[in-house]
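The structure presented is a predicted model; accordingly, all values stated were derived computationally and were not measured. Whatever order the structure lists them in is the order used to number ligands and atoms, beginning at 1.
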Amino acid sequence: MQYQFPDNFWWGSASSAPQTEGAAFEDGKGENIWDLWYKNEPNRFFNGVSATEASTFYKHYRSDIALMKDIGHNSFRTSISWSRLIPTGHGEVNPKAVEFYNNVIDEMVAQGIQPFINLFHFDMPVAMQEIGGWENREVVDAYAEFAATCFKLFGDRVKHWFTFNEPIVPVEGGYLYDFHYPNVVDFRRAVTVGYHTILAHSKAVMAYRAQQQDGQIGIILNLTPSYPRSQNPADLRAAECADLLFNRSFLDPAAKGEFPQGLIEILKQYDQMPDCQVGDSDIIAAGKVDLLGVNYYQPRRVKARLTAVDQNSPFMPEWLFENYEMPGRKMNPHRGWEIYEKGIYDIMINLRDNYGNIPCFISENGMGVEGEDKFLKDGQIQDTYRIEFIQDHLSWLHKAIQEGADCRGYHLWTFIDNWSWCNAYKNRYGFYSLDLKTQTRTKKLSGEWFAQVSKNNGF
Ligand code: BG6
């Protein structure tokens, strides 16, 4: 074997409640912003497909967990839907939801699959959005209560908790770039949303520690390295700004308990500081995590701006840099994202050298393919490109571990092709393909291959 991974390495995949469960209006679940947005603007979703049924995990969790086991999962990440557990966001707990999540967790444990549970994957309950969502501090407290309720209900069996998945994404999507509800374009409001998200994260960490359980609590961040076009100081500064805004805005508070000075300087310079209250910095300091989940798909390449900014346009991150298309970059032609395997190594080395070698794992990595049916042969998706993609990333990850990075596992995005927000079922990522009409799951070649990797703890 060329690449042997450390003992007890986590092999598995990741998904989320809103993207898999379906049963969006069943058994007392409250509406989340995706249910609401779809009702208002179905045209914003690829082929007009909503999450109402998604991949029917709510119905098929038991057989799905058997499929996980079949391809060698020793761990799996999903999320608890806030609006299913507490339909109005705070107050009454929905007993049907408690029953469902107990069943899922018990079944995973029975099959020898460690449940990794995340508490927020872009799915704000409508009742909370109606009072301002993350712009309102009341929502921060309601979320912390929801988190504490989850720890109490399920913490005896769940030993790996995550407060948020990719918390920068609702900031970008909902408040800057118009790809999530509520479709606001306003940098200052975006900053407030990000700031309150960190407070919510920290309060959830505090709630977990107050319960003195014996598990770990973390956060999952999409760390996208920012590579400058050149070593020209203006390009270096552009990359630094992108890194501060999109990576370090969450990484520093989660790993070090404080915001980077450089980020505060940018916000002050452009008059975009959020409303900070006395005591906030103590809360943020208490939010340092035990474990960091790293999602990595593609690098960000930037250069200094070539043109002057239109001062009448709304302030945007792109006032500080421009995206750069590197000639000769390797592309995933089926998704339109760059593939840069070494990025995974660079992230690990950065965490080793600049973040105290924080314990971490790859919580998402994967290759989306539009129209994947074209690779169907004899009833199976022959996704050799995905196997190659995973191998190439794993070999760089292996090198980082050899060089001392404290990486404890690898989860692919995703288990069964699932519903993905506005892209719905456009890009397929799973180890299993999903027939949307019949809901049949079929193992892809990559699923077969992964079972061997997990069994051999390497390849
Ligand atoms: C990840 C998200 O960043 O990207 C997932 O955490 C999402 O929720 C995935 O489904 C794939 O995105 P897309 O747009 O290619 O379907």
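- Under a cutoff of 6.0 Å and an axis angle of 45°, Arg229 and Phe321 do not form a cation-pi pair.
- Residue Trp337 has no N or O atom closer than 3.5 Å to an N or O atom of ligand 1.
- Within the structure, the closest approach of His121 to ligand 1 falls below 4.0 Å when heavy atoms are considered.
- Rounding to the nearest 0.5 Å places OG of Ser16 at 8.0 Å from CZ of Arg77.
- For atom 10 (O) of ligand 1, the closest non-hydrogen atom of the protein is Ser420 OG, 2.6 Å.
- Taking only nitrogen or oxygen atoms, main chain and side chain alike, Asn427 reaches within less than 3.5 Å of ligand 1.
- Ranking the protein heavy atoms by distance from atom 14 (O) of ligand 1 puts Asn423 ND2, 2.7 Å first.
- In this structure, Arg300 is not positioned above the aromatic face of Tyr227 in the sense of NZ or CZ being under 6.0 Å from the six-membered ring centre and within 45° of the axis.
- When hydrogens are left out, the protein atom nearest atom 4 (O) of ligand 1 is Tyr297 OH, 3.8 Å; that is the closest non-hydrogen contact.
- Looking at Glu364 against ligand 1, only its side chain comes within 4.0 Å, counting heavy atoms.
- Asn222 does not count as a contact of ligand 1, since none of its heavy atoms falls under 4.0 Å from the ligand.
- For atom 15 (O) of ligand 1, the closest heavy atom belonging to the protein is Tyr429 OH, 2.4 Å.
- Screening Phe361, Tyr410, Trp10 for a side-chain contact (heavy atoms from CB on, under 4.5 Å) involving Ser75 leaves a single residue, Trp10.
- Proximity of Val169 to ligand 1, defined as any heavy-atom pair under 4.0 Å, is not found for any part of the residue.
- When each of Phe389, Tyr345, Tyr296 is paired with Trp396, the ring-ring contact (aromatic ring centres under 6.0 Å, His included) condition holds for Tyr345 and for no other.
- Of the protein's non-hydrogen atoms, the one nearest atom 9 (C) of ligand 1 is Trp413 NE1, 3.7 Å.
- The heavy atom nearest to atom 3 (O) of ligand 1, out of those in Arg428, Glu370, Glu166, is found in Glu166.
- For Arg301 and Tyr340, the positive end sits near the middle of the six-membered ring, less than 6.0 Å away and at most 45° from its axis.
- Below 3.5 Å of separation, one finds no N or O of Trp419 facing any N or O of ligand 1.
- Lys203 forms no cation-pi arrangement with Tyr143, by the criterion of a distance under 6.0 Å to the ring centre and an angle within 45° of the ring axis.
- Within ligand 1, the atoms closer than 4.0 Å to a non-hydrogen atom of Asn165 are 6 (O), numbered from 1 in the order shown.
- For the side-chain contact (heavy atoms from CB on, under 4.5 Å) criterion with Cys360, the lone passing option out of Arg352, Met348, Arg408 is Met348.
- Considering Arg335, Lys377, Arg386, Arg428 as possible partners of Glu372, the one that fulfils the salt bridge (Lys or Arg N to Asp or Glu O under 4.0 Å) test is Arg386.
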